[in-house]
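For reference, the structure I am asking about is given below.
These values consider heavy atoms only, across backbone and side chains, with no hydrogens, waters or symmetry-generated copies. Keep in mind it's a predicted model, so treat the numbers as computed, not measured. In what follows, chains carry the letters A, B, and so on, assigned in the order in which the sequence lines appear, proteins first and then strands, with residues in each chain numbered from 1.
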Amino acid sequence: MRKSQYIKTIYILFKKELMSYFNSPIAYIFIGVFLVVGNWLFFKDFFLMGQASLRNYLGLLPWIFLFLSPAITMRLWSEEKKSGTIEFLLTLPITDWQVVLAKFFSSLAFLFISLILSISLPVTIAFLGNIDIGSIIGGYIGALFLGGSYLALGLFISSLTKNQIIAFIVALMACFAAFIVGADFVLAGAPKFAVPVMKFLGLGSHFYNIAKGVIDTKDIIYYCSFIFLFLWLNVRVIESRGWK
Amino acid sequence: MIEIKNLTKKFGSNTILDNITFSVKKGEVLGFLGPNGAGKTTTMKIITSFWSPTSGQVEVDGLDARKNSLGIRKRIGYLPETVPLYDDMLVFEYLKFVAEIRGLAKEGIKRAATNGAHANALNMKQRIKEVVKLCGLAGVIRQPIEELSKGYRQRVGLAQAIMHDPDILILDEPTTGLDPNQIIEIRNLIKELAKEKTIILSTHILGEVSATCDRVIIINKGKIAGEGSPAELAKKAGARELIYVKIKGPREEVFGKLKAMENVVKAEIKDKESENVYGYEIEPRTGIDLRESLSMAVMNNGWSILEFNKKLVSLEDVFRELTK
């Protein structure tokens, strides 16, 4: 009973958050930009390469997400703080975890919806040749985990400021840093002992593992811990209520 | 119902609330009075669990805020000063969201209120209708919140606060920014609600306090500066009767004469109308009627009285006195 009530409350908040995306034109602009940019970047080289493969597209996703995830999360806390609705929200009989989880899952759901709408890409390619279903599913799952990590990080950063623009830019830089830290060209310049650590910490390397179609529990656990860490930090920030 | 003990709130080295202690009885309407920045809003934010105090205790309905903040929040309906609402929602959507998140039952489950929170005994549809009627929102129910006037926003905020039929209402300056008609409407609504609820409301409008509150706490610079019913407070200062008199005559001479009069505690020059016409304020010894001897004194010197009135020190003066 208590537990179902707990989940129900998260669901009510989740619904409200998701609805507020679609109440404003931002959601439609967002999805439009995502689809146009994604498709254009993909088909730009597609016929040149002459290969019925999504690998190229999946390689692009982390970069597209890098800009889109902070755009999804930037307003989630900062707008509540700016308009003062945070005072309403946090004096309701709900826990800080419930609010943070609801906000996180609504942003993830929104990302998921945009991802689903890009399904036309693999479908088109399936008509043109044989494609590896496994790698597509893996790619999408990997994209969701990677996107989830970006979102958790962006949500946390949004809770630190009243200003959406600042939230966007800082989240963008933070996501970029977290993504790039395990990339080959960064590792090349890093001290030797730090290389395995950095490679493990980087969001990118885990994504390319999954995108290859290899779903390793190690990568999943990595993403889940990354997401949990930032949701936890987010709850800490909300709890402190030091802001004025 | 509400017990506040030794509440202190600091931001850095800045003390907003300094060791405040008071309590509110069940069914009472308590008014927080104080100039801007006195600590009214801070106290309310702490009672509603939005902020935690630097030190001190808050107990609502026997629940300790540090241990059972959620239980307290269930019992309280809160209207923050800025009336924050989700602007992108329709009024109806918003009220439905509030009803849902407050745990109102969708079906007509008539469950007994178990934990002091009546919410789960209320039927959502019915309750939303009730609240809409009570707050006079029927005309704007399909409008986006961002298009509402200030008066309607205030009413939606109030509707939100009473949705779950809480025992306690905390209203932070519920009438600021409203026009006189709206102020009276909201006050009447508060009076209506006061019949069965415990209410804390803050204001810096003095008329509001005497119009709605059973008891007043005057807060200044984070401290309680005075406490009592509006009548008591007025009486406390009303013991001081003041006489204002405008006299035509040479200033220094008149002033000297007034000060030297028998039974005068204090005299001061209040204002100047023109050369030789000044207004003086005189405080007579308690219980002494000074009018006759005063007019005699003026006549005997060949001056004349142009204006004369006696006033009781009102709540306004108490307020100004205490928050100086």
For this session: Given side chain to side chain contact (heavy atoms under 4.5 Å, CB included), test B:I101 with A:K16 step by step and report yes or no.
Result: CA-CA 10 Å; B:I101 200 88; A:K16 186 234 143 218; over 6 Å; no
Problem set entry | chain B contact via A:K8 - which portion, at a heavy-atom distance below 4.5 Å | neither
Problem set entry | From CZ (B:R73) to OG1 (A:T95), nearest 0.5 Å | 8.5 Å
For this session: Side chain from CB out, backbone as N, CA, C, O: work out which of these in B:Y86 comes under 4.5 Å of a heavy atom of chain A, or both, or neither.
Result: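 For B:Y86, backbone and side chain are both near chain A.
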Exercise. Heavy-atom count around A:K15 NZ within 6.0 Å, excluding the residue itself: above 12?
Worked result: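 More than 12 within 6.0 Å, yes.
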Exercise. Relative to the ring of A:F88, is the ring of B:Y94 parallel (under 30°), tilted (30 to 60°) or perpendicular (over 60°)?
Worked result: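 Tilted.
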For this session: Measure A:T9 against the heavy atoms of chain B and call it side chain, backbone, both or neither at under 4.5 Å.
Result: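 For A:T9, backbone and side chain are both near chain B.
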Exercise. What part of B:T48 lies closer than 4.5 angstrom to a heavy atom of chain A: side chain, backbone, both or neither?
Worked result: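 Contact with chain A is through both the backbone and side chain of B:T48.
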Exercise. With a cut-off of 6.0 Å (strictly less than), are more than 12 heavy atoms of other residues, nucleotides or ligands near CZ of A:F112?
Worked result: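 12 or below, so no.
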Exercise. So which heavy atom on B:P84 is nearest to which on A:S83, and how close?
Worked result: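 What the structure gives for the nearest pair is CB-O, 3.7 Å.
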Problem set entry | Nearest-0.5 Å distance, CD1 of residue B:I72 to OG1 of residue A:T91 | 12.5 Å
Exercise. In terms of heavy-atom pairs under 4.5 Å with chain B, which of A:I12, A:N23, A:I94 leads?
Worked result: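 Highest number of pairs under 4.5 Å: A:I12.
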For this session: Name all pairs fulfilling the salt bridge (charged side-chain N to carboxylate O under 4.0 Å, His left out) condition that reach into residues 9-20 of chain B, sequence neighbours left out, sorted by first residue then second.
Result: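 Residue pairs with at least one partner in residues 9-20 of chain B: B:D18-B:K223.
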For this session: Step by step, work out the side chain to side chain contact (heavy atoms under 4.5 Å, CB included) result for A:E87 and B:E81.
Result: CA-CA 10 Å; A:E87 197 171 343; B:E81 186 181 1; over 6 Å; no
Exercise. Atom CZ in B:F50, atom CG in A:L89: separation rounded to 0.5 Å?
Worked result: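 Rounded to the nearest 0.5 Å, the CZ-CG separation comes to 9.5 Å.
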For this session: Give, as side chain, backbone, both or neither, the part of B:V98 having an atom under 4.5 angstrom from any heavy atom of chain A.
Result: side chain
For this session: Could you look at A:E79 and say if it's the side chain, the backbone, both or neither that has a heavy atom under 4.5 Å from chain B?
Result: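 No part of it gets close to chain B.
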Exercise. Taking atom CG of A:L92 and atom NZ of B:K74, what is their separation to the nearest 0.5 Å?
Worked result: 12.0 Å
Extract all donor-acceptor atom pairs below 3.5 Å that involve side chains of residues 227-236 of chain A and protein atoms in other chains or at least two apart in sequence.
unit_1: A:N234; atom_1: OD1; unit_2: A:W77; atom_2: NE1; d: 3.3
unit_1: A:R236; atom_1: NE; unit_2: A:E239; atom_2: OE1; d: 2.9
unit_1: A:R236; atom_1: NH2; unit_2: A:E239; atom_2: OE1; d: 3.1
unit_1: A:R236; atom_1: NH2; unit_2: A:E239; atom_2: OE2; d: 3.3

For this session: Report, as yes or no, whether the 6.0 Å neighbourhood of atom CZ on A:F43 holds more than 12 heavy atoms from other residues, nucleotides or ligands.
Result: yes
